[in-house]
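Residue numbers begin at 1 in each chain, while the letters A, B, ... track the order of the sequences. FYI, side chains are in, hydrogens and waters are out, and symmetry mates aren't considered; it's all heavy atoms of this structure.
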2 protein chains.
Amino acid sequence: MDKVIKKLSQHNIFNACEESMIGRLCAEGREHTYPKGTILFLSGDEAKNYFLIESGWVKLYRETLDGTQAVVDILPANHIFGETSIFEDGNYPYSAEVVETAIIHSLPLRKLKTEIEKNQTLALNMLNAMARYRRRQDQEIEHRAIQNAPQRIGCFLLRLTDQKPKEGKITIHLPYDKTLVASRLGMQPETFSRALSKLKSATGIEVTGATITMDSLDQLARFSCAACSSEFPCTDLKCST
Amino acid sequence: MDKVIKKLSQHNIFNACEESMIGRLCAEGREHTYPKGTILFLSGDEAKNYFLIESGWVKLYRETLDGTQAVVDILPANHIFGETSIFEDGNYPYSAEVVETAIIHSLPLRKLKTEIEKNQTLALNMLNAMARYRRRQDQEIEHRAIQNAPQRIGCFLLRLTDQKPKEGKITIHLPYDKTLVASRLGMQPETFSRALSKLKSATGIEVTGATITMDSLDQLARFSCAACSSEFPCTDLKCST
DNA sequence: CGAGGGTTTGAAGTGCATCAAATAGTGTGG
DNA sequence: CCACACTATTTGATGCACTTCAAACCCTCG
């Protein structure tokens, strides 16, 4: 299980933590490959483990009795989720589904809790991560309130780029299904499709399947970031946790 | 400044913390009365203080260049805000405006940071508070995604009640302007007005100015909670931090 | 009493959802 | 390598919820 230890120690939360401690955390960990569609847990389930994504994508969502669902987030490799359940009532606050076949490590929450209570560095890292997450959520609420569909897509695309300096043409690949992107952005697939066309004619981007190219990000930023309180290189929005 | 110490020690974040430590936190604190409309700070300002509301109401919001604003939260007495700025870049992530004349204590972030780095209990309390806040924000996103305007109002009313057992008639007072409630719920004042009428005819509540009465909460819960992933006595949603 | 803000009402417009159906794309077995 | 089955995506038509603009109303407070 060296691999997990290495992965974990690269993670923000375990920054500057001793390997021995991380080793203890992983002691009862398991690695599993889950096919697309697997439900890892449901909202309200008793939380025994938290998870590290080795590869693939995982959707976090909440669902009403009649089946309507609200997507909380869609997480890529190297993300951790379910770890906040050590606080509060010990149940998962959302459901998790594998949306691209994934290799996932499960780690026991119990151990994490023990370590956090002893280890100041770990607790502080965790606080930092939570604060960062909180900002992202605030932004999310803002975006859904004041950006329209084409702008939300533009903003999403901007956050997918590596912020690399302007080098000739810029290419972005959608990381997963358009339908999923739509749900991530809180809109219907049909709306996504139409909004992407609008974005195209408004900013001059080129769309070919899941690949999007453009001459520079400026146009896109001008279009999308007009309806946002942050200014363009909105760095804190990048994925993390 | 005994008053502040007392207030603080009742607060979740300082649960089980020594008075002496809280005393150190308050050392450079100040109390101020601010009239309605006062801007306490703007998003992006360097964060030197965090705040405790003694009385009154404070609106946290974010604003785009063209003046459109998204309300993040509206906080009542006994709430703390601005404290998360000790993490990350040290700037406030939102603006704060007094919306009902308020008495507010400002406390230096610097001292809080020092104490958090030393005091495990404090760090853990803070983690708990952050986790709770995170859940609330997740809920907020869900609500805005799947509840319609009348349901959002109903849900808001339910969260205002004291969860007291059914005793004859139930009375709820809106804590501030209808216009503000509307912005808190992410809708226009006009929409709020019309949605409240719909809620009235759908659930049989009585509305007189800012006072709302009904025979029982059941009707309201049945109407609003249908479009929510949590079941009715959704306790975690109650205010806190 | 009159001014001004909060609130309601009306009329019209916009954006997104929904339903329905066509089209493109992908993977399968033959 | 092709035809079929199935899914993802697009397009069209329509409806609804919320917004916007405008104006009336109400209520409070000087």
Next item on the list: Could you verify whether a donor N or O on one side chain and an acceptor N or O on the other, from D66(B) and T68(B), lie under 3.5 Å apart?
Entry: yes
Next item on the list: Quick one: pull up CZ in R152(B) and OG in S224(B) and give me the separation to the nearest 0.5 Å.
Entry: 11.0 Å
Notebook entry, point to check: Atom CG of N148(B) to atom C1' of dC16(C): distance rounded to whole Å?
Noted result: 14 Å
Next item on the list: Would you mind reading off the distance between I146(B) atom CD1 and dC18(D) atom P, rounded to a whole angstrom?
Entry: 14 Å
Notebook entry, point to check: What does the inter-axis angle of the helix from dC1(C)-dG30(D) to dG30(C)-dC1(D) come out as, five pairs per end, nearest 10 degrees?
Noted result: 30°
Next item on the list: Could you tell me how the ring of W57(A) sits relative to the ring of Y176(A): parallel (under 30°), tilted (30 to 60°) or perpendicular (over 60°)?
Entry: perpendicular
Next item on the list: Check whether more than 12 heavy atoms from other residues, nucleotides or ligands sit under 6.0 Å from atom CG of L65(A), and answer yes or no.
Entry: no
Margin query: So if I take every side-chain heavy atom of K178(B) and compare against dT9(C), dT7(C), dT19(D), which nucleotide ends up nearest?
Written below: dT7(C)
Next item on the list: Please state how far atom CG in L185(A) lies from atom C1' in dC16(C), giving the value in whole angstrom units.
Entry: 14 Å
Item checked: Euclidean distance, atom CE of residue M187(B) to atom P of dT20(D) [Å, nearest integer] -> 14 Å
Notebook entry, point to check: Separation of Q147(B) atom CD from dC18(D) atom P, in whole Å?
Noted result: 11 Å
Margin query: Just the rounded figure in Å: distance from C1' of dT28(D) to NZ of K36(B).
Written below: 12 Å
Margin query: Among R136(B), R135(B), H143(B), which residue satisfies the side-chain hydrogen bond (donor to acceptor under 3.5 Å, both in side chains) criterion with Q139(B)?
Written below: H143(B)
Notebook entry, point to check: Given dT20(D), dC16(C), dA13(D), which nucleotide is nearest the side-chain atoms of A149(A)?
Noted result: dC16(C)
Item checked: Closest to the E190(B) side chain, choosing from dC21(D), dC16(C), dA8(D) -> dC21(D)
Notebook entry, point to check: Out of dT11(D), dG10(C), dG6(C), which nucleotide sits closest to the side chain of S193(A)?
Noted result: dT11(D)
Checklist line | d(CG, L174(A); C1', dT9(D)) in whole Å | finding: 12 Å
Item checked: Rounded distance (Å) that lies between atom C1' of dT10(D) and atom CG of D177(A) -> 15 Å
Next item on the list: Evaluate the side-chain proximity of F87(A) to R132(B): yes if any heavy-atom separation is below 4.5 Å, no if none is.
Entry: no
Notebook entry, point to check: Could a donor-acceptor pair under 3.5 angstrom be found where the side chain of R194(A) meets the base of dT18(C)?
Noted result: yes
Margin query: Mind checking if T179(B) touches a base, just sugar-phosphate, or nothing, with heavy atoms under 4.0 Å?
Written below: sugar-phosphate
Check: Any donor-acceptor pair under 3.5 Å linking the side chain of D89(A) with the backbone of N91(A)?
Finding: yes
